[in-house]
Amino acid sequence: MKRTHHCNELRPAHIGQTVTLCGWVHSRRDLGGVIFIDIRDREGRTQTVFDPSDLPKEVFDRAAALRSESVVRVTGRVRSRPEGTNNAKIPTGEIEVMVRELEVLNLADPLPFQIDDPETASRVNEELRLKYRFLDLRRPELARNIRLRSKVAIVTRQFMDEQGFLEVETPILFKSTPEGAREFLVPNRRDPGTFYALPQSPQQFKQILMVGGIERYYQIARCFRDEDQRADRQLEFTQIDIEMSFIEREDIYALIEGLLKRIWKTALDQDIATPFKRMPFVEAMSRYGMDKPDTRFSMELADFTEEFCGSQFKVFGGAVAAGGVVKAINAKGLACATQGQIESMTELAKSFGAKGLAFIKVENGEWKSPIVRFLTDAEKAALQTKLAIEEGDLILFAAGEWLAACEILGRIRLYAAEVLKAAGKLVIPADRFDFLWVVDFPLLSFDKEQNRWYSSHHPFTAPVAEDIPLLKTETRKVRGQHYDVVVNGVELGGGSIRIHQPDVQKTVFEEVLQIPPDETKLRFGYMLEAFRYGAPPHGGIALGFDRLIAILCNTPSIRDVIAFPKTAKGTDLMTDAPAPVPAKQLRELYLELKVPKKE
RNA sequence: GGGGGCGUAGCUCAAUUGGUUAGAGCGCUGCCCUGUCACGGCAGAGGUUACGGGUUCGAGCCCCGCCGCUCCCGCCA
């Protein structure tokens with residue numbers, strides 16, 4: 001070992017010992033006659049002292065020439081700091097190391113950005129931080145996140161092992177399955193014109209593992225989806241992937257509640273309440289306008305379909321007449337919303353298909369709104385009662401098809417909450433976590449443009465048993481045995497009980513999803529075949545590991561919990577990936593490029 | 001594919017809204033300093049205002065294009 005102690009280890013008990021520390025020059029305070037250098041490693045920092053009366057001039061001069069973030073190795077004697085010079089801010093603040101020897105292991109160039117001050121470092125342009133990720137990773141915040149991630153991975157493995165799960169690795173080189181997310185393709189040199197695909201998830205392998213008798217599988221699995229990025233979405237990401245045989249939905253709920261309880265206890269030393277609330281999809285949409293409701297604040301959607309049936313206000317009356325609904329929320333205390341904010345909300349509503357956004361401002365005891373003159377006294381009374389309207393409130397409406405109206409108000413609700421938070425009128429404690437299961441999703445959704453049904457989750461999701469007869473007749477009504485686990489409005493994971501009977505699976509593929517039989521065979525033939533040779537009933541779930549860590553770290557972006565994340569455009573600013581390859585490599589793969597020239 | 005925000009010194013930001021030589025703090029370089037801990041003091045260097053066009057007597061500021069980062073919509077079985 002090059003060192004005897006780490007930089008957060010020395011205490012008054014070590015006084016008198018000769019020690020060797022290695023680390024980065026965190027800060028250098030050169031007082032001319034004496035130099036203080038704080039040496040930092042991942043554990044903490046320790047003050048070292050260079051006293052010229054006690055040191056060869058050459059060593060002192062080298063210390064004076066050190067720059068921030070240089071890597072050094074120092075040897076010296078631990079001593080108590082002189083009276084009145086203790087530093088209460090750091091755990092090693094009662095001692096210091098009187099240096100005898102200094103070895104400069106790596107003299108650092110001046111840094112592209114400073115990392116010693118957390119305040120400014122966290123505000124540095126992300127582009128620069130991504131390019132110099134190795135510097136960013138030294139920042140305490142990021143280091144803490146990476147550490148927590150490791151800790152949670154370990155406790156996950158411990159918990160899953162205790163529950164009798166086997167960790168099984170599945171292939172990264174898989175086959176293209178064009179349903180679902182766009183895939184990354186890998187050309188196959190051995191058979192020109194054929195390709196592997198990187199898995200969107202180990203879904204099919206984990207089901208095959210169940211047929212293979214593994215019974216309980218888990219994996220902290222890398223997944224790849226070639227879709228556009230978001231703060232919570234990267235091209236490659238990690239899932240805690242789980243599958244079990246001979247179980248029902250409740251078994252998954254109990255397992256995941258146990259796992260999350262353990263994770264929260266380990267990561268935050270917090271006891272979370274289980275079991276989690278269960279909320280049917282229809283209820284989540286009706287009350288919160290979201291299938292991943294943030295239940296930390298209310299501002300729930302109220303229904304006024306009955307009240308506005310036949311209303312003089314055509315937008316509402318017409319919507320109801322057309323079989324739609326009228327919904328409203330009360331953004332308490334938001335009557336102060338600026339014209340710009342109302343416009344933003346209107347734009348938001350329009351982006352979700354609304355024609356406009358009706359609102360009522362309650363100010364100075366008066367209902368201010370372009371629509372109020374169309375409302376009858378009875379209608380006003382209904383609003384007053386159901387929304388508990390008070391001075392300073394802002395009422396927002398959506399009318400139309402049930403799902404669309406709910407979704408619009410759901411988005412408006414979140415926007416309003418952000419505005420209220422910024423104004424200090426809505427306060428949500430950082431340590432509050434509202435978990436819930438969203439259940440009873442529709443198995444299938446209808447794509448109006450392509451005029452066909454598609455799986456709400458994925459095509460292996462089992463219908464609720466009693467709904468199976470409705471598959472071909474009342475497709476819309478079939479519920480899937482699918483569940484999402486949601487916390488604070490974030491979809492943490494989802495899964496389902498799977499179809500394990502080949503005939504049901506075949507019906508879903510061919511008769512409901514309308515995939516031609518030969519294509520079904522080509523894409524999923526091996527699964528249908530596997531299910532013919534003794535497939536146990538099974539189900540599973542996948543938790544977004546990056547999102548989980550981001551929630552625990554209280555950061556909005558998963559880039560903050562991934563060591564080497566990519567940008568929104570999918571590039572790695574440090575390595576410059578992706579990049580062109582030499583023609584020779586393309587020839588070996590029998591690939592020819594037809595890249596359109598930029599004008 | 002679409003919409004919004006940002007881009008000025010190595011970093012974080014300013015520039016009286018189109019008007020003199022583009023400033024400050026930190027960092028960097030040099031000098032001074034023996035108890036600092038975001039040490040302090042003095043001096044100095046450092047700019048193609050992302051990039052390319054345009055309008056104008058005059059552009060960091062206005063217009064068009066383009067690149068990059070970011071947020072959102074679409075997309076994410």
Side-chain angles (χ1 to χ4, degrees), chain A residues 26-38 45-54 60 64-65 67-69 81-90 92-93 96 109-132 135 177-183 200-201 203-204 223-235 237 344 347-348 350-353 411 414-415 418 443-445 447 449 453-461 480 482 491 494 496 508-509 513 515 523-524 544 556-557 559 566-569 571 573 598-599:
Chain A
H26 183 76
S27 80
R28 184 169 54 97
R29 296 176 294 280
D30 185 344
L31 273 62
V34 62
I35 302 172
F36 299 98
I37 294 182
D38 282 359
R45 50 191 234 239
T46 303
Q47 173 165 287
T48 64
V49 188
F50 293 74
D51 185 342
S53 63
D54 201 30
F60 189 80
R67 274 191 295 259
S68 279
E69 296 303 309
R81 290 197 186 193
E83 188 74 32
T85 62
N86 284 5
N87 184 353
K89 288 187 209 158
I90 54 173
T92 59
E96 62 191 10
D109 282 350
L111 302 176
F113 61 95
Q114 291 161 253
I115 61 172
D116 56 343
D117 180 5
E119 280 295 306
T120 53
S122 62
R123 273 165 43 220
V124 171
N125 182 2
E126 188 159 13
E127 191 175 348
L128 199 71
R129 286 165 39 203
L130 286 172
K131 184 172 176 191
Y132 298 96
L135 292 179
T177 52
E179 295 274 322
R182 192 181 300 116
E183 300 165 309
Q200 306 169 35
S201 81
Q203 183 62 34
Q204 293 172 47
C223 307
F224 305 87
R225 294 182 188 172
D226 185 7
E227 299 290 352
D228 287 345
Q229 324 272 298
R230 290 285 191 283
D232 63 348
R233 274 165 34 188
Q234 285 265 309
L235 297 180
F237 61 101
S344 294
E347 285 308 308
L348 189 63
K350 282 181 178 169
S351 74
F352 280 84
R411 301 305 293 225
L414 289 187
Y415 180 91
E418 287 307 313
L443 183 70
L444 297 139
S445 309
D447 184 334
E449 281 176 19
W453 292 96
Y454 63 95
S455 299
S456 303
H457 181 43
H458 62 50
F460 316 110
T461 303
H482 170 52
E491 182 191 329
S496 63
V508 170
F509 280 147
L513 299 176
I515 305 173
R523 283 199 225 159
F524 306 110
S557 170
R559 289 189 300 274
K566 291 182 177 53
T567 67
K569 288 231 170 94
T571 60
L573 296 178
K598 280 180 186 164
E599 313 250 323

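Note that the structure is a prediction, hence the values are computed from the model and not measured.
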So which nucleotide from [options] ends up closest to the side chain of [X]?
X: A/R233; options: B/rU70, B/rC11, B/rG74; result: B/rG74
X: A/N87; options: B/rC72, B/rC37, B/rU70; result: B/rC37
X: A/S27; options: B/rC75, B/rU12, B/rC39; result: B/rC39
X: A/R45; options: B/rC37, B/rG35, B/rC75; result: B/rC37

Atom [atom1], compared across [N] and [M]: separation rounded to whole Å:
N: B/rG41; M: B/rA9; atom1: P; result: 25 Å
N: B/rG53; M: B/rU70; atom1: C1'; result: 26 Å
N: B/rU55; M: B/rC63; atom1: C1'; result: 7 Å
N: B/rA22; M: B/rG47; atom1: P; result: 12 Å

Sequence neighbours excluded, which residues qualify as side-chain contact (heavy atoms from CB on, under 4.5 Å) partners of [X]?
X: A/Y454; result: A/S445, A/D447
X: A/S122; result: A/R139
X: A/T177; result: A/F174, A/E183, A/Q200, A/Q204
X: A/Q234; result: A/Q229, A/I558, A/R559, A/I562, A/P565, A/K566

All ring-ring contact (aromatic ring centres under 6.0 Å, His included) counterparts of A/H458, not counting sequence neighbours: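 A/H458: ring-ring contact (aromatic ring centres under 6.0 Å, His included) contacts with A/F460.
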ring-ring contact (aromatic ring centres under 6.0 Å, His included) involving A/F113 - partner list, sequence neighbours excluded: none
Distance check needed: [N] [atom2] versus [X] [atom1], whole Å only.
X: A/I37; N: B/rC37; atom1: CD1; atom2: P; result: 16 Å
X: A/Q47; N: B/rC39; atom1: CD; atom2: C1'; result: 11 Å
X: A/F352; N: B/rC73; atom1: CZ; atom2: C1'; result: 7 Å
X: A/F36; N: B/rU36; atom1: CZ; atom2: C1'; result: 5 Å
X: A/E96; N: B/rU34; atom1: CD; atom2: C1'; result: 12 Å
X: A/R123; N: B/rG25; atom1: CZ; atom2: P; result: 16 Å

Contact list (N/O, under 3.5 angstrom) for nucleotides 42-46 of chain B vs protein:
none

Which pairs, protein N/O on one side and nucleotides 2-10 of chain B N/O on the other, fall under 3.5 Å?
| unit_1 | atom_1 | unit_2 | atom_2 | d |
| --- | --- | --- | --- | --- |
| B/rG10 | O2' | A/P112 | O | 2.5 |

Output the distance between atom CG (A/D51) and atom CZ (A/F60), rounded to the nearest 0.5 Å.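 Answer for the CG-CZ pair, A/D51 versus A/F60, is 8.0 Å.
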Quick one: the side chain of A/R81 and the base of B/rU36, do they pair up donor-acceptor inside 3.5 Å?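 In this structure, the two groups form a donor-acceptor pair.
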What is the nucleic acid contact for [X], judged by heavy atoms within less than 4.0 Å: base, sugar-phosphate only, or nothing?
X: A/R129; answer: nothing
X: A/E126; answer: sugar-phosphate
X: A/R523; answer: nothing

Who are the salt bridge (charged side-chain N to carboxylate O under 4.0 Å, His left out) partners of A/K131, not counting sequence neighbours? none
Check the pair A/R29 / A/D38 against salt bridge (charged side-chain N to carboxylate O under 4.0 Å, His left out), numbers first and verdict last. CA-CA 9 Å; A/R29 296 176 294 280; A/D38 282 359; 3.0 Å; yes
Does [N] have a Watson-Crick or wobble mate here (both distances under 3.5 Å), and if so which one?
N: B/rG35; value: none
N: B/rA9; value: none
N: B/rG65; value: B/rC51

Return no unless some side-chain N or O of A/R559 is found under 4.0 Å from OP1 or OP2 of B/rC71.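 So the side-chain polar atoms of A/R559 do come within 4.0 Å of the phosphate oxygens OP1 or OP2 of B/rC71, strictly under.
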Looking at A/K350, does any N or O in its side chain come under 4.0 Å of the phosphate oxygens OP1/OP2 on B/rC73? no
